[in-house]
Asker: 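Below: one structure in structure tokens.
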Protein chains: 2
Amino acid sequence: MSTTLTVDTALPETLDSSSSVYELIRDDIISGRLGANERLKVADLAERHGTSTNPVREALQQLRGEGFVVMTPNRGARVRAMDEDFIRDIYEIEVLIEPALTRWFVRIVTDADIAVLEGMQAEMERLNYADPVRHGELDTLFHHYMYDRHYNRHAVDLWWKHREILKAMSRRHPTSLARRVAVLREHRQLLDDIKAQDADKAAATIGRHVEGSGRHIIEQMGAARRNSARLR
Amino acid sequence: MSTTLTVDTALPETLDSSSSVYELIRDDIISGRLGANERLKVADLAERHGTSTNPVREALQQLRGEGFVVMTPNRGARVRAMDEDFIRDIYEIEVLIEPALTRWFVRIVTDADIAVLEGMQAEMERLNYADPVRHGELDTLFHHYMYDRHYNRHAVDLWWKHREILKAMSRRHPTSLARRVAVLREHRQLLDDIKAQDADKAAATIGRHVEGSGRHIIEQMGAARRNSARLR
DNA sequence: CTTGCAAAGATTGTACATTATCTGCGGTGG
DNA sequence: CCACCGCAGATAATGTACAATCTTTGCAAG
């Protein structure tokens, strides 16, 4: 048998069945159902989610703290615009953080870890680009597995928060086949670097990988924007 | 005349005269008046700040979003512990971000900018280590001036948020004379690198600078902790 | 000493009052 | 006649009071 390891590593589920108001609004924002700079009225949201105003107000405050919502005194809340600039900002930070996290992973990796990652990689390759959604899940899972045990929880949390935004973005702007091919190639390269215990090379590889993904999403966003402008 | 430029660049003031409940609680947390893991009861805080419970609840939610407060359902809010590990996490991220911000600054710097930075440096040197508080202010101002115009607002906001925490920490654990000497030397080195238009060298210098400051604060925190443990 | 239950205490949700901002209309001056 | 100012009504955010629900705590019984 080849490396046909079944991956059961669960990602931390952000929205359970009985989602809170906070999670619902947050999802509406990052999924784009609530457009950029859209006004968020507490009364509307309260009615929309079948609750009173207080839970909504608290949810908005939390979202403000996380940067998803912008509030001005006595003038209410608006959705933080998730435009190309914002995504570029996020990716530029990830290009700095992910190599550092990867560098550490190379130092503590075990044979068992490599087997797990190989398993994910094998499943992605077995998909043969047929299921983009599963492809994206496995991509996230691959990175998550490497970073999850890192001692710098603040950095990992930051990575995860960024990743959730980017996941939502790539759901709206699907990943091209060419990009998915590149992802596989880069993960394979990364695995080789890890097995060779070459932390510097692995860091450089993941840097290019993140940079490539970022560039791709931004290109997709730009294309979509120009297209919608043409139709207007 | 020598470089006796008066620095009037204002830092964004975080707490104005009529501070909101949010700012008051936030200050109590990062200044240490509210200890690590301390329970935050809405009724207490409301009475303490002469308001009703709702503003307090919303402030706590915002602080939760920013990571200063940890909340568990039906069990209320607690202060996020700002221990040595947390500070180390922050510094490790800054070691990644600040060099990137600096690299960009080197590319866009003008003669006027250099004059301003020289002015700050001159004032720090003129202080001759007499006024630690002003020294810290100028240190922050120096970095702030370099990063303020950067296009990546997300990165700059992150830097600033981290900086505010670190400022509060170094207020509790004063900066040693040796460290202040090192800061001056490193800033001077950085100015030289900038003037030489050597972005790589400037990035490396600021990396060492941030790393050194981080190490110093953590050492101070450890010393204080061991000292208080001895007295107990 | 452990277990269970009841009362106290705290969080979460609802209803309402207050205060500020936005909107549309009419009047006034150029 | 048109532009601008100001004022009232509407609309929405902010603050207060209170009810409902969950957790904790202390005491008594087994």
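We name chains A, B, ... by the order of the sequence lines, and we start the count at 1 in each one.
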Asker: Does the pair B:Val183 and B:His209 meet the rule for a side-chain contact (heavy atoms from CB on, under 4.5 Å), with working shown?
Answerer: CA-CA 7 Å; B:Val183 165; B:His209 177 55; 3.9 Å; yes
Asker: Mind checking whether B:Leu40 and B:Arg78 have side chains closer than 4.5 Å, heavy atoms only?
Answerer: no
Asker: Let's see if you get this right: which residues in residues 33-41 of chain B place a heavy atom under 4.0 Å from DNA chain C?
Answerer: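 Listed by number, they are B:Arg39, B:Leu40, B:Lys41.
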Asker: Tell me whether B:Glu38 contacts the main-chain N or O of B:Gly35 through its side chain, where contact means a donor paired with an acceptor under 3.5 Å.
Answerer: yes
Asker: Does any non-hydrogen side-chain atom of B:Phe68 lie less than 4.5 Å from one of B:Ile25?
Answerer: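 A side-chain contact is absent here, since even the closest heavy-atom pair is not under 4.5 Å.
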Asker: What integer distance in Å separates A:Arg57:CZ from D:dG15:P?
Answerer: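 Interatomic distance, CZ of A:Arg57 to P of D:dG15: 8 Å.
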Asker: Using a 4.0 Å cut-off on heavy atoms, which residues in residues 65-79 of chain A reach DNA chain C? List them by number, or say none.
Answerer: A:Asn74, A:Arg75
Asker: Applying salt bridge (Lys or Arg N to Asp or Glu O under 4.0 Å) to A:Arg163 and A:Asp139, what does each step give before you reach the verdict?
Answerer: CA-CA 11 Å; A:Arg163 188 78 187 192; A:Asp139 185 16; 3.3 Å; yes
Asker: Roughly how many Å is it from CD in B:Glu58 to P in C:dT11, rounded to a whole number?
Answerer: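 Answer to the nearest Å: 16 Å.
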Asker: Output yes when at least one side-chain N/O atom of B:Ser52 is less than 4.0 Å from OP1 or OP2 of D:dT16, else no.
Answerer: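 It does, given that an N or O in the side chain of B:Ser52 lies less than 4.0 Å from OP1 or OP2 of D:dT16.
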Asker: So does A:Glu164 pair up with A:Arg26, basic N to acidic O under 4.0 Å?
Answerer: yes
Asker: Does C:dG13 have OP1 or OP2 sitting under 4.0 Å from an N or O in the side chain of A:Thr53?
Answerer: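 For A:Thr53, the contact criterion (side-chain N or O under 4.0 Å from OP1 or OP2 of C:dG13) is not met.
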Asker: Side chains of B:Asn54 and B:Arg57: does their closest heavy-atom pair fall under 4.5 Å?
Answerer: yes
Asker: Assert yes or no for the condition that the ring centre distance of A:His216 to A:His173 is strictly below 6.0 Å.
Answerer: no
Asker: Over how many whole Å does the gap from B:Asn54 atom CG to C:dA17 atom P extend?
Answerer: 16 Å
Asker: Figure out the CG/C1' separation between B:Leu60 and C:dT11, and round it to whole Å.
Answerer: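 Taking CG of B:Leu60 and C1' of C:dT11, I get 11 Å after rounding.
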